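Notes for the one structure printed next.
Just so we're on the same page: letters track the sequence lines, and every chain starts at 1. All of these numbers come straight from a predicted model, not from anything done at the bench.
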Amino acid sequence: MKITLKVWRQKNSNTPGKLVEYQLDNISPDMSFLEMFDVLNGELTKKGEEIIAFDHDCREGICGSCSMYINGRAHGPQTGSTTCQLHMRSFNDGDTIIVEPWRARAFPVIKDLMVDRTAFDRVAQAGGYISVNTGSAPDANEIPVPREIADTAMDAAQCIACGACVAACKNASAMLYVAAKVSHFAVLPQGQAERTMRAERMVAQMDAEGFGACSFTGACSVECPKSISLDHIARLNREYLGAKLTSNNLQG
Amino acid sequence: MELDSKIPEGPLAEKWSRHKFGLKLVNPANKRKYDIIVVGTGLAGASAAASLAELGYNVKAFTFHDSARRAHSIAAQGGINAAKNYQNDGDSVFRLFYDTIKGGDYRAREGNVYRLAEVSVNIIDQCVAQGVPFAREYGGLLANRSFGGAQVSRTFYARGQTGQQLLLGAYHALSRQVANGKVKLITRTEMLDVIVVDGKARGIVTRNLLTGAIESHSAHAVLLCTGGYGNVFYLSTNAMNSNVTAAWRAHKKGAYFSNPCYTQIHPTCIPVKGDYQSKLTLMSESLRNDGRVWVPKNQQDAEKIRKGQMKANDIPEDARDYFLERRYPSFGNLVPRDVASRNAKYVCDEGRGVAPTGLAVYLDFADAIKRDGRKTIEAKYGNLFEMYEKIVGDNPYETPMMIYPAVHYTMGGLWVDYNLMTSVPGLYALGEANFSDHGANRLGASALMQGLADGYFVIPYTVGDYLATIGPGDKVAVDHPAFKEAEQRVHDMNNRLLSIKGSKTVDEYHKALGHIMWDYCGMSRNAEGLKKAKKMIQDLRAEFWQNVRVLGTNEEMNQSLEHAGRVADFLELGELMVDDALHREESCGGHFREEYQTEEGEALRDDANFTYVAAWEYTGDNKPEVLHKEELVFENVKLTQRSYK
């Protein structure tokens, strides 16, 4: 296949970037999208040009590192898939493909296609856990969890924190990411003790990081590689409202 | 140096409790006077960092990822073993111990493996309390499935994403400690050297991957939780950035490297397609619970399939060879990984492989779908089937999967004693980075168990013993000359890589090394091939240092430079693996020497001469490493020819 790539090149967060065009002539349809970038970077190295920086690691759709905005869509044309799982057979010979980084104020560009997503970690640190010290747990079967509850928790917990939800959202909102974590713990019996505090703190941190508001368009869920449902946003709204009505934290 | 494994005296079942009682303690108020560095935030690293911070130590945790949650533990699919016996099918701590030590082909320490089995039950408790959404029965209690090398159901799982959920559990615990201020988390930073002063580990030197800044960090103890070295093969199921650098640089500072030739080739991976391929994708072993492995009985049919003239479903039942079920009737498709992989290789070597390359066998779900219905199979393996379809473009509900073995895990690693301390006092290795618990072959669902056992339930006790011994004052500041010299060495190495300005990319050298390793030190090895490989690796390494092309500078984000440093280390490790494989004149587990096999083609051990752990000591650049032996003592299991028939 012959492919024309237009790739966002940006030296660092202080320098303006631009789209740069590259021609690739020998692309196999069985190649993954990132393998095409490997080929291109090999060619650039031979020519003495700086390689394109991008985040990637597991290349099997689970680590959440890869983060390319391809032809106007987070992770490209497939649904329920990460960039690393995208293969060139999804494109046609002669296609022009535009590749940009995630665009969101809370995710500043580090270089080229690489962005800083540490805001997600700070939201997790604000309350995305159950406080349990190592060694203090009761026998695992002493906490029965109905199967449908475990399934719902798992549906939410499988978020890979890639940030596609933020990239896809016109407001750059992180509601789906936050909802997935709040929801995961809110439905489980183990998560009850810190339930209200968790919702309040995570939402507060999400706001502090500069993520936008949710206007419930659903783009996040459509582009989510794990197809995490909007139901979780509904649950987050309920959790947050409930927390605000019943919380001991009157200041918040 | 004499190797002292520090395995406690006494009956097997009491060793760990006695040992724990004998360990020195640091009083709660004094814990804050100690600094501990944890390198890597996978299962072992995140669980250790969180648990140590909970105890009150000051922890600095390092990861080269942008977030602690991206370590490759996240990709583990199938599950985690624990001797809970919730299924009432005869499991026990002793049985898990026995299966694991047998699965490792009797090349692991009894004491370590028993402890692993013992704490396995605590791990499940801990993870459930953290909110890990394990699979459940309708009554709300935990579900289990079976895995290779076991005849009981003891594997706990969260769909096909168990590693992800366990790592997130540890990541949440770690995040909580970051918020508490007890863990300082340093991301996008790679460890490039360990500092040893007066014979003790004192800290590390790192490179900030965003700015290139070379920095020193000092502590009372250093924990390497940096994973395995499977990427020495270039193509493996490891993540692209997984590397041996931290472990290898520690090795060069005096930490012995054990059993480097013990590498695990996982039987069920998606086969290689082309030269451009960057990694291989695992299809969980759990699939072998329901999938049947077969190839055509005769070569003619296989050839037609390879040429695209026939399809799998065209082969009638009586023309199929379910070779695992035929050869191993009692374990069938659930034989351990080394056995399954070798048999797949045999049938492909016989010309009965499928896929255009001839290097693939079928994993067929047709019978399971007929028996249980598509819905049940979808519930169990849906995400794996989807992943397969995305990569290969075939629908495994309708046509059998094609699989072939691929490098997956490394049982070898830094030598550690029972306390997980390496041969350098104060330097520890946890999880896949150490060699300790899996012998010559790891059973499925045991890697997650070991990583978490080390981090949650072993190191919190054993590190205290060392710290209490040295005292809080025994620390070296970062302005000590040893730190400055190490920083300079790192600078020099990077500058040297950047100044070569040769004609081949780092990737080209990495691929070339991978080919050598796979061809001569892969699924089967022989003396002649290994000798040839040794020379080839030496030549390749010499060429690399003459002709590699790394652009840019050190003082910026430079992914080529990162990769170049890692490949430079792999080029040294590769030679040690070959040496180790050559010296071990027996077959055991994942190490299969063609010269040593039974008439039926099974691995033939030589217990009289090789019942030991090989621990290699680095003696200087381009000098042969010195072999030390730790004899393995078996008091509770009888060494037998491993049989799964």
Does the side chain of Ser131(A) come within less than 4.5 Å of Arg176(B)'s, by heavy atoms?
yes
Which bit of Ile143(A) comes within less than 4.5 Å of chain B, counting heavy atoms only: side chain, backbone, both or neither?
both
Measure the acute angle between the ring planes of His172(B) and His184(A), then classify it against the limits of 30° and 60° as parallel, tilted or perpendicular.
tilted
Counting distance only, does the side-chain N/O of Glu508(B) pair as donor-acceptor with the main-chain N or O of Gly42(A) below 3.5 Å?
no
Measure distances from Met114(A) to the heavy atoms of chain B and classify the residue's part below 4.5 Å as side chain, backbone, both or neither.
side chain
Identify which part of Arg89(A) has an atom lying under 4.5 Å from any heavy atom of chain B, answering side chain, backbone, both or neither.
side chain
Side-chain contact test, heavy atoms from C-beta onward, threshold under 4.5 Å: evaluate it for Met31(A) versus Lys273(B) and give yes or no.
no
Tyr276(B) vs Asp30(A) side-chain heavy atoms within contact, under 4.5 Å
yes
Side chain / backbone / both / neither for Leu141(B) at chain A, heavy atoms under 4.5 Å:
both
Using modelled atom types and a 3.5 Å cut-off, is there a donor and acceptor pairing between side-chain atoms of Arg70(B) and backbone atoms of Ile160(A)?
yes
What's the separation between atom OG1 in Thr281(B) and atom CZ in Arg59(A), rounded to the nearest 0.5 Å?
10.5 Å
Main chain of Lys504(B), side chain of Lys46(A): is a donor-acceptor contact present, judged purely on distance under 3.5 Å?
no
Which atoms of His56(A) approach chain B - backbone, side chain, both or neither, heavy atom under 4.5 Å:
both
Measure Gln164(B) against the heavy atoms of chain A and call it side chain, backbone, both or neither at under 4.5 Å.
side chain
What part of Val121(B) gets closer than 4.5 Å to chain A, counting heavy atoms only: side chain, backbone, both or neither?
neither
Okay, Ser65(A) and chain B: the region with an atom under 4.5 Å from a heavy atom over there is both
So what's closer than 4.5 Å to chain A heavy atoms on Lys84(B): side chain, backbone, both or neither?
side chain
Taking side chain as everything from C-beta outward and backbone as N, CA, C, O, which of these in Leu551(B) sits under 4.5 Å from a heavy atom of chain A? Side chain, backbone, both or neither.
side chain
Can you tell which part of Gln126(B) gets under 4.5 Å to a heavy atom of chain A, answering side chain, backbone, both or neither?
both
Quick check against the 3.5 Å criterion: does Lys279(B) have a side-chain atom that pairs as donor or acceptor with the backbone of Cys58(A)?
yes
Val128(B) vs Gln190(A) side-chain heavy atoms within contact, under 4.5 Å
yes
Quick one: do the Tyr86(B) and Asp139(A) side chains pair a donor with an acceptor below 3.5 Å?
yes
Under a 3.5 Å cutoff, is there a donor and acceptor pairing between the side chains of Tyr171(B) and Asp121(A)?
yes
Atom pair CG/CD1 of Leu561(B) and Ile51(A) - distance to nearest 0.5 Å:
10.0 Å
Could you look at Phe156(B) and say if it's the side chain, the backbone, both or neither that has a heavy atom under 4.5 Å from chain A?
neither
Region of Ser81(A) that comes under 4.5 Å of a non-hydrogen atom in chain B
both
Got Met154(A) and Gln161(B) here, is their nearest side-chain heavy-atom distance under 4.5 Å?
yes
Expected output: side-chain Asp125(B) to main-chain Ala140(A) donor-acceptor under 3.5 Å:
yes
Name the region of Asn122(B), side chain, backbone, both or neither, that has any atom closer than 4.5 Å to a heavy atom of chain A.
neither
Are any non-hydrogen side-chain atoms of Cys63(A) and His72(B) less than 4.5 angstrom apart?
no
Among Asp38(A), Asp151(A), Leu34(A), residue most engaged with chain B (heavy-atom pairs, under 4.5 Å):
Asp151(A)
Is there a side-chain contact between Gln125(A) and Gln177(B) in this structure, where contact means two heavy atoms from C-beta onward sitting under 4.5 Å apart?
no
Identify the two heavy atoms, one from Leu168(B) and one from Cys159(A), that lie closest to each other, and give their separation to 0.1 Å.
CD1-O, 4.3 Å
Assess the residue pair Arg188(B) and Asp55(A) against the criterion (side-chain contact (heavy atoms from CB on, under 4.5 Å)); give the C-alpha distance rounded to whole Å, side-chain angles, the decisive distance to 0.1 Å, and a yes or no.
CA-CA 11 Å; Arg188(B) 292 206 196 256; Asp55(A) 271 319; 2.9 Å; yes
Got Lys390(B) and Glu60(A) here, is their nearest side-chain heavy-atom distance under 4.5 Å?
no
